[in-house]
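What follows is a set of notes on a single structure, which appears directly below.
Below, chain A is the first sequence line, B the second, and so on; all start at residue 1.
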Number of protein chains: 2
Amino acid sequence: MSLDHHVPGIVDVAAKAGVSLSTVSRVLSGRTRVSDALRAKVEAAVAELGYRPNAAAQSLVSGRRSTVAVFARNTIRYGYAATLQGIEEAARAAGYVVLIAVVESADPDDISRAVNTALSHPLAGAIVIEFDKVGVETLAALPPSLPVVAAAGARRAAGDTPHAFLEDAAGGYEATRYLLSLGHSTVHHLAIPATRPRSGRAWGWRKALLEAGATVPPIVQASYSPTSGYDSAQKLTSDPSITALLCGNDELAIGAARAFQENGRRVPEDVSIVGFDDQPFARMWMPALTTVRQDFVDLGRRTFGLLEEWLAQGRRPADSAVTPTLIVRESSAAPSQERATA
Amino acid sequence: MSLDHHVPGIVDVAAKAGVSLSTVSRVLSGRTRVSDALRAKVEAAVAELGYRPNAAAQSLVSGRRSTVAVFARNTIRYGYAATLQGIEEAARAAGYVVLIAVVESADPDDISRAVNTALSHPLAGAIVIEFDKVGVETLAALPPSLPVVAAAGARRAAGDTPHAFLEDAAGGYEATRYLLSLGHSTVHHLAIPATRPRSGRAWGWRKALLEAGATVPPIVQASYSPTSGYDSAQKLTSDPSITALLCGNDELAIGAARAFQENGRRVPEDVSIVGFDDQPFARMWMPALTTVRQDFVDLGRRTFGLLEEWLAQGRRPADSAVTPTLIVRESSAAPSQERATA
DNA sequence: TTGTATGCGTTATCAT
DNA sequence: ATGATAACGCATACAA
């Protein structure tokens with residue numbers, strides 16, 4: 001009945017129901033007893049008015065926050081997007097809303113800008129997707145007063161920010177062992193950028209090689225994209241001693257596969273190629289890609305779970321690991337006889 | 001110096017600077033003249049205290065909102081994720097923050113739950129990624145009082161919600177004409193779910209076929225995933241009259257390509273396969289995928305631009321189209337001679 | 001069990 | 001140009 005586009009507030013509900021402000025508030029929060037009669041009247045008024053609580057006002061007065069910020073370098077790439085999806089899913093189930101803040105680069109300006117705008121909103125806590133340097137820096141820039149957890153690409157130092165992480169060192173180790181068991185004398189590695197030394201896929205790869213007494217070839221550094229994989233693999237295609245290549249992700253793997261194939265090296269007859277992640281396209285690849293599956297959605301869910309636990313229990317939760325699994329498909333095989341005997 | 005984990009407010013700044021509340025507010029908003037002397041003192045206090053304005057309190061009293069909600073069916077799939085990225089980028093540049101609300105299904109419960117939780121926060125406006133039925137329904141569920149714009153997969157009816165959209169009918173048309181020009185007698189279509197009749201990729205495909213006087217084969221319906229493409233294409237692989245297949249997206253295309261190849265039909269020698277989107281993996285495919293590129297990031301940026309314009313000008317903006325481009329690569333070719341003469 | 005009064009951090013209005 | 005004060009919508013301590 002208001003003249004303007006008036007958004008109904010708790011006062012309007014109270015008026016319509018013929019009760020006081022506080023009664024309405026109590027009915028809505030449900031934390032105090034209210035007689036059935038009044039409760040019914042209030043609920044009717046709420047429905048009729050289409051009343052929606054104002055979260056801003058709520059958090060202002062109660063200090064209770066219902067939004068969590070997710071800081072991420074990007075939202076497109078598979079791992080990031082899937083992690084975000086998992087976080088959102090868990091957050092929504094728990095009654096939280098997620099605010100997404102992409103941090104363009106590790107430039108302190110970009111970081112503090114992202115942090116400042118996000119923190120000006122009432123946050124219950126923050127999650128940073130720490131798959132890269134930007135994530136590491138963002139983590140460092142967040143105030144200690146805010147509950148912060150991380151979705152990490154690899155285990156972080158203990159005593160640090162609580163985090164859920166991918167046991168990707170284990171994945172790299174398993175994939176390398178598998179390749180070695182096929183008869184390859186060593187395995188090369190086409191790597192994504194590392195966030196931490198002595199951890200991650202590359203670390204597991206190295207460990208497997210050392211244990212087997214195989215030579216550890218120099219790591220070939222790439223970025224994340226298929227083109228980067230293609231370009232970086234070029235320098236390897238002419239070396240016939242390379243018979244197995246472990247790639248930091250599936251995109252690198254398909255880029256590398258193309259590079260080899262264009263040079264007349266067949267996959268897997270001449271070179272075995274193994275990826276990481278198991279993106280949806282991997283199993284449709286020709287040949288279907290052998291890869292280390294990482295469940296990013298689960299990682300996201302767990303990460304939010306950590307934050308939720310922290311908020312509920314009031315103390316920092318224990319870290320949580322998600323284990324990758326090797327999916328053997330068509331892009332890997334024993335080295336061809338001719339090479340083996342060569 | 002506060003005993004507790006006290007978050008500094010405008011009062012603390014005022015006290016430290018030795019000025020009144022209002023002066024601090026004025027310095028921060030910058031909308032009123034303040035003497036340089038006081039301004040300097042305030043700025044020093046702000047820096048020293050690490051003061052951050054409380055957006056909740058601001059929007060509560062001023063009615064000015066700085067967050068926009070994005071409703072989407074999902075955040076993983078390429079088109080959605082890239083659109084989100086574009087939206088976020090533009091929003092951040094304009095000083096807005098984005099809240100992501102994924103809507104699980106078209107179930108009214110899921111929709112109203114998502115809408116309610118998002119709308120309980122102070123929103124400047126909302127954006128719905130309307131690539132599917134869920135998006136269409138969500139759009140319908142949003143209150144008319146809120147500025148809402150859409151990022152659409154195809155042009156919507158006029159007079160409707162302002163939207164930026166992919167001219168994908170044009171893309172379907174161009175791709176089909178291209179295939180026809182290669183000498184294929186007709187083109188089959190493996191479709192993603194349609195949101196609207198008489199629009200979209202399928203509509204353009206149909207138009208090109210009709211114009212050329214070619215027969216219009218029944219549409220083969222698929223979902224979005226590579227496996228769906230693979231499964232749905234199975235029934236086509238044994239039909240030698242099929243020499244060209246236009247797929248609703250790249251994932252379908254690679255699934256279909258595998259299905260054909262497993263059945264001994266070579267790509268492109270026996271069947272030409274064309275995708276849609278130009279996802280990063282497309283150019284690395286073997287053979288590299290001919291596809292219709294759609295710039296989702298740009299779509300996202302434009303969509304936010306629409307909302308921004310609406311908010312600034314106070315009136316609904318005009319729709320905005322993003323044009324796809326056909327990228328010819330290796331997966332398409334003229335039909336083989338044997339078939340042509342058969 | 002219900003109602004009244006106070007205040008959360010900020011901007012806007014009104015004085016000075 | 002600057003300061004005092006009233007709201008914004010809601011939760012809660014306190015009074016009834």
- Verify the contact: side-chain N or O of B:Ser20 to OP1 or OP2 of D:dT2, cut-off strictly under 4.0 Å; return yes or no. no
- Message: Less than 3.5 Å apart, any donor N or O on the side chain of B:Asp132 or B:Thr195 sitting next to an acceptor on the other?
- Response: no
- Message: Measure CG/B:Leu21 against C1'/C:dA12 and give the value in whole Å, please.
- Response: 13 Å
- Query: Among D:dA1, D:dT12, C:dT1, which nucleotide sits nearest the side chain of B:Arg33?
  - Reply: D:dA1
- Query: CZ of B:Arg64 versus C1' of C:dG9: gap in Å, rounded?
  - Reply: 15 Å
- Query: Please give, in whole Å, the distance from C:dG9 P to A:Asn54 CG?
  - Reply: 16 Å
- Between C1' of C:dT2 and CZ of A:Arg39, the distance in whole Å: 13 Å
- Message: Just by distance, no angles: are the side chains of A:Arg302 and A:Ser320 close enough, under 3.5 Å, to form a donor-acceptor pair?
- Response: yes
- Task: Identify, between B:Leu60 and B:Asp36, the residue whose nearest nucleotide on DNA chain D lies closer to the 5' end.
- Result: B:Asp36
- Side chain of A:Ser35 - closest among C:dT1, D:dA11, D:dT5: C:dT1
- Note on the structure: B:Lys41 atom NZ is separated from D:dA1 atom P, nearest whole Å, by 17 Å
- Task: Figure out the CG/P separation between A:Leu38 and C:dT2, and round it to whole Å.
- Result: 4 Å
- Rounded to the Å, how far apart are B:His121 NE2 and D:dC10 P? 13 Å
- Touch check for A:Leu28, heavy atoms < 4.0 angstrom, all strands: base, sugar-phosphate only, or nothing? nothing
- Under 3.5 Å, side chain of A:Thr23 to main-chain N/O of A:Val19, donor-acceptor pair present? no
- Query: Does C:dT2 have OP1 or OP2 sitting under 4.0 Å from an N or O in the side chain of A:Thr23?
  - Reply: no
- Query: Could one point to a donor on the side chain of B:Ser62 or the base of C:dA12 with an acceptor on the other under 3.5 Å away?
  - Reply: no
- Look up atom CG in A:Asn74 and atom OH in A:Tyr224, then write down how far apart they are to the nearest 0.5 Å. 9.5 Å
- Task: Using only side-chain N and O atoms of B:Gln58, determine if any of them is under 4.0 Å from OP1 or OP2 of C:dT11.
- Result: yes
- Message: Between C1' on C:dT10 and CD1 on B:Ile10, what's the gap in Å once rounded to a whole number?
- Response: 6 Å
- Item | Presence of donor-acceptor pair under 3.5 Å, side chain of A:Ser22 and base of C:dT4 | yes
- Pair A:Phe304 and A:Tyr96, ring centroids less than 6.0 Å apart: yes
- For A:Val24, report the nucleic acid contact type (base, sugar-phosphate, nothing); a contact means any heavy atom under 4.0 Å. nothing
- Task: Please state whether the base of C:dG3 and the side chain of A:Arg26 form at least one donor-acceptor pair under 3.5 Å?
- Result: yes
